[in-house]
Amino acid sequence: MTPRLHRRGLLRAAAVAAAAALAAMAVPAPAQAAYSTVSSYTTSVNGDAADVYHPVTGSAHSPWPVALLLQGANVDKSAYRGFATKVASYGFVVVVPNHYQVLFGQPGLYATGAQATWTVGWAAAENANAASPLLGAIDPQTLVLLGHSFGGAAGLNLSTGLCTPPFCMAPLPTPPQLKAAAFYGTNNTVPQTGQTPPVANTVPIALVQGSLDGIGSPANGYATYQVVTTPPKLYVSLLGANHYGITDAQNPAGARPETSAQTLDQATSVETAARWSALWLRAQLGDPVGQAWVYSVGDFFDANATAESVH
């Protein structure tokens, strides 16, 4: 047997063993089904209109951690309905705000890392709100980050304590409630120089990257993964997806147009990106199913993605 064939055999054996372990846990296999059905409602976070997606069954598993989704530049919160719904189904309260600000004289939807602290405050108040469908069902001490493009870059700044305009205009403290992050179409490469400075992260980071991304290049995404200094870390290449593989439709109104055509079905790309992101975040919160998926079997079973991790 050649070394390559031997390695394939070992990978297959490991995948089969991990799949058996998943079945023994008596929980849904990550590739097949999520944990819960989902409902949604609107709210306000520090004055920003926001959509909230949350589990409505399996309440025995609450309180649920909060996942803040930082939007891409000029991508309305409504464009993330499918992605946010899928992430919520894995046991998160997903908060998707519209944050307006003016950057270099241009008003628009631009996320900021300050939203993390605002969301922690919202979570504590909402958990105690007798009129909320999430009364007593939120874990306000556990926050995770999701981010797309500009929002992912803002999240990277927050997770490192750095401040790089335009993604951050003033240094921001990392809230102690922040436990992990997963960003789509995000990199740390400086356009003017092509250099990718180290990402001195304070929480585990996953980078999910469309292999056909024409705005945030896969080369820059992988270069950023390589310089994330502190494991655990994960890089997922979503095969056939482009920069808007995370949104409900290609080229959301008002956002920068993508010139690289996506070959993966839109619904499949959204579901796959959400599954990897959610299971990565669950893994960092100690879930053995998430850990088995992101570190062992996911790369074997998922035909639409390849993954690399250090943990």
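Remember, predicted model here, so these are calculated numbers, not experimental data. What you see below is based on every heavy atom in this structure, not just the backbone, and it leaves out hydrogens, waters and symmetry mates.
Aromatic ring pairs are classed by plane angle as parallel below 30°, tilted from 30° to 60° and perpendicular above 60°; the pair His311 and Tyr295 is parallel. In this structure, Tyr244 and His148 have perpendicular ring planes: the angle between them is above 60°, well past the 30° mark. Between Tyr41 and His54, the ring planes lie perpendicular to each other; the angle is over 60°, past the 30° to 60° tilted range.
Between Tyr222 and Glu308 there is a side-chain heavy-atom pair separated by less than 4.5 Å. Between Val95 and Pro97 there is a side-chain heavy-atom pair separated by less than 4.5 Å. Between Phe83 and Val96 there is no side-chain heavy-atom pair separated by less than 4.5 Å. Considering only heavy atoms from C-beta on, Arg275 comes within 4.5 Å of Asp302 through its side chain. The shortest side-chain heavy-atom distance between Phe92 and Arg282 falls under the 4.5 Å cut-off. Using a 4.5 Å heavy-atom threshold, the side chains of Tyr90 and Asp287 count as separate. In this structure, the side chains of Trp122 and Leu68 stay at 4.5 Å or more apart for every pair of heavy atoms. For the pair Val199/Thr224, a side-chain contact is recorded, criterion being any heavy-atom separation below 4.5 Å from C-beta on.
Not one N or O on the side chain of Ser296 forms a donor-acceptor pair closer than 3.5 Å with the backbone of Trp293. Counting only distance, with no hydrogens or angles, the side chain of Asp299 and the backbone of Ala307 share a donor-acceptor pair below 3.5 Å. No donor-acceptor distance shorter than 3.5 angstrom exists from the side chain of Ser269 to the backbone of Leu264, with no hydrogens or angles considered. Of the possible donor and acceptor atoms, none in the side chain of Asn98 sits under 3.5 Å from a partner among the backbone N and O of Asp76. The backbone N or O of His243 lies less than 3.5 Å from no partner atom in the side chain of Gln262, so there is not a single donor-acceptor pair. A donor-acceptor distance shorter than 3.5 angstrom exists from the side chain of Asn127 to the backbone of Ile138, with no hydrogens or angles considered. Of the possible polar contacts, none joining the Thr174 side chain to the Ser159 backbone as a donor-acceptor pair under 3.5 Å is found. In this structure, the side chain of Gln101 engages the main chain of Tyr110 through a donor-acceptor pair within 3.5 Å. Judged purely by atom type and a 3.5 angstrom limit, Ser211 uses its side chain to pair as donor or acceptor with the backbone of Gly240. Panel note: side chain Asp51, backbone Thr42; no donor-acceptor pair is recorded below 3.5 Å.
In this model, no donor atom of one side chain and acceptor atom of the other lie less than 3.5 Å apart for Asn46 and Gln115. For the 3.5 Å distance criterion, the side chains of Asp48 and Trp118 fail to qualify, holding no donor opposite an acceptor. Judged purely by distance below 3.5 Å, without hydrogens or angles, the side chains of Glu258 and Gln250 never pair a donor atom with an acceptor atom. Thr112 and His99 are not linked by any side-chain donor-acceptor pair at a separation below 3.5 angstrom, with hydrogens and angles left out of the test. In this structure, a donor-acceptor pair under 3.5 Å is present between the side chains of Thr268 and Asp265.
Between Leu212 atom CG and Ser260 atom OG the span is 5.0 Å, to the nearest 0.5 Å. Note that the CG atom of Leu234 and the CH2 atom of Trp276 stand 6.5 Å from one another [nearest 0.5 Å]. Rounding to the nearest 0.5 Å gives a distance of 10.0 Å between NZ of Lys233 and CH2 of Trp280. To the nearest 0.5 angstrom, Gln209 atom CD is 7.0 Å from Ser217 atom OG. Taking OG1 from Thr142 and CH2 from Trp64, the interatomic distance works out to 13.0 Å, rounded to the nearest 0.5 Å. Between atom OG of residue Ser149 and atom CZ of residue Arg256 there is a gap of 8.0 Å, rounded to the nearest 0.5 Å.
Nearest heavy atom pair, residue Val56 against residue Ser36, reads N-OG, 3.4 Å. Closest heavy-atom contact between Pro198 and Asn188: O-ND2, 4.1 Å. Between Thr272 and Ala305 the shortest heavy-atom distance is CG2-CB, 4.4 Å. Taking each heavy atom of Pro197 and Val190 in turn, the nearest pair found is CD-CG2, 4.1 Å. Scanning all heavy atoms of the two residues, the minimum distance from Val120 to Pro140 falls at CG1-O, 4.1 Å.
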Inset, instruction - Determine, stepwise, if the pair Asn201 / Thr229 fulfils side-chain contact (heavy atoms from CB on, under 4.5 Å). - result: CA-CA 7 Å; Asn201 54 308; Thr229 58; 3.5 Å; yes
Inset, instruction - Apply side-chain contact (heavy atoms from CB on, under 4.5 Å) to Lys179 and Leu285, showing your working. - result: CA-CA 8 Å; Lys179 307 302 181 186; Leu285 299 179; 3.8 Å; yes
Legend entry - Working for side-chain contact (heavy atoms from CB on, under 4.5 Å), residues Tyr80 and Val75: CA-CA 9 Å; Tyr80 299 104; Val75 181; 3.3 Å; yes
Legend entry - Check against side-chain contact (heavy atoms from CB on, under 4.5 Å), Ser277 and Leu146: CA-CA 8 Å; Ser277 298; Leu146 299 161; 4.0 Å; yes
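Transitive grouping of hydrophobic side chains (ILVMFWY, heavy atoms separated by less than 4.5 Å) brings Leu178 and Leu207 into a common cluster. Criterion: ILVMFWY side-chain heavy atoms under 4.5 Å apart, direct or through other members. Under it, Leu279 and Phe300 are part of a common hydrophobic cluster.
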